[in-house]
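Whatever order the structure lists ligands and atoms in, that order sets their numbers, starting from 1. Along the sequence shown, the residues carry numbers beginning at 1.
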Amino acid sequence: MLAVLNEKTKGKKMKINTIAIHKGTLRDKTTGGVNTPVYTSSAYAYINREDTFYPRYFNTPNQDAVAKKIAALEHAETGLVFSSGMGAMSTAILAFAGTGDHVVMLDALYGGTHYFATQWFSHFGIDCTFTKTTAEDVINQVTSKTKVIVIESPTNPLLAVVDIEKIARFARQEKITTIIDNTFASPVNQTPLDLGIDIVVHSGTKYLGGHSDLCCGMVACSGEKLEKILSLARGLGPSLDPRSCYLLERSMKTLVLRVTAQTRTAMEVANFLESRPDIAAVYYPGLECFKGHEIAKRQMTGFGAMLSFEIKDKDPDRFIEELKIISPAVSLGGVESTICSPSLTSHAKMSSTERLRIGVTDSLLRLSIGLEDADDLKQDLDAALKKG
Ligand SMILES: *Cc1c(COP(=O)(O)O)cnc(C)c1O
């Protein structure tokens, strides 16, 4: 190949920003270009039978570059890039759970994962139990048939924090595979493999892509776990095209800078909202009074850039309409701040009784903090609260 890994950095111990920029990225030997060239081919000469490149084999140079980057960022042996977060999540689950097996999942998991489990697990002969967001509850629901535990922390939209290490330690003893959706925290704020988790899954559509212009997913784990995931992925086929891989790689180089700044602003906005009498509640792991704060402090290096809040005595729809900078949108993790009403979007299919049971009220709003200046965001919220 004419583009190669920078051999000088091989095996070198690097800090997180250096990793984000250099790991996985290929150098173009012919021209000296510092970026991974975009290899658009879907047909490659066969080198040997095992190793011929093909996009759906998940092994082309552009796929490999981003896979190596996520692996390094998540302190994993290896990684894989998918065409969506759900492609990564469903493949990871099905690689380790099949007919007759039992899966334990948080009831607060991302809506798409919840949907996949409730609509499709029975088709594959998989039994599933949903639990509350505590390590004790997860452990209590495990049976002799449990093969996989799927968790998320912090959760959507209430930012509940679970004790990752406690679940991981128990699962290791019982030889149960653990999967965590690390989308909300990103590897900048949390590296779950260091806490004993087996497989990290990302919706790369969010922070890794970071600019609201990509749909992709990623997995990071040991080489042994990856073998099964890769084998199933080649059968199911949710692979990412080279041009999207290139965009993702470009974004991942600024991941740490972006998420660090977004996290800092989120803390500032959370403090601002908490100080207001017209706000009924703020959900953010960085607040000292927040229920999961102590666990978050132990297992996260930063508290993330997602927060939720409830407004008092005001129509949330009118409040959102009054915002000028923060735009209503369902996705998250972009450079622009977005806001959404979970009861109208991610949790719309749930009955209102069920929604209230898990704490999703009609006045709950979820905010994804972007890269705008904190003062402008606070001013935007302040003006809308005064009007709303
Ligand atoms: C968006 C999201 C997903 C699904 O990712 P897609 O890229 O939309 O398939 C999974 N988990 C979380 C936490 C998400 O926010």
What residue pairs, at least two apart or across chains, pass salt bridge (charged side-chain N to carboxylate O under 4.0 Å, His left out) with a residue in residues 107-133? D107-R357
For R276, enumerate each residue passing the salt bridge (charged side-chain N to carboxylate O under 4.0 Å, His left out) test, keeping only those at least two apart in sequence or located in another chain. D278, D382
Would you list the pairs meeting side chain to side chain donor-acceptor pair (under 3.5 Å) in which at least one residue belongs to residues 281-293, sequence neighbours left out? Y283-E310
Protein residues that have a heavy atom under 4.0 Å from any atom of ligand 1, sorted by chain and number: S84, G85, M86, Y110, E152, D181, T183, S203, T205, K206, C216, L332
Among T91, L240, V201, L236, whose side chain to side chain contact (heavy atoms under 4.5 Å, CB included) with F82 holds? T91
Using a strict 4.0 Å threshold on nitrogen-to-oxygen distance, state whether E165 and R298 make a salt bridge. no
If you draw the axis of the six-membered ring of F319, does the NZ or CZ of K386 fall within 45° of it and under 6.0 Å from the ring centre? no
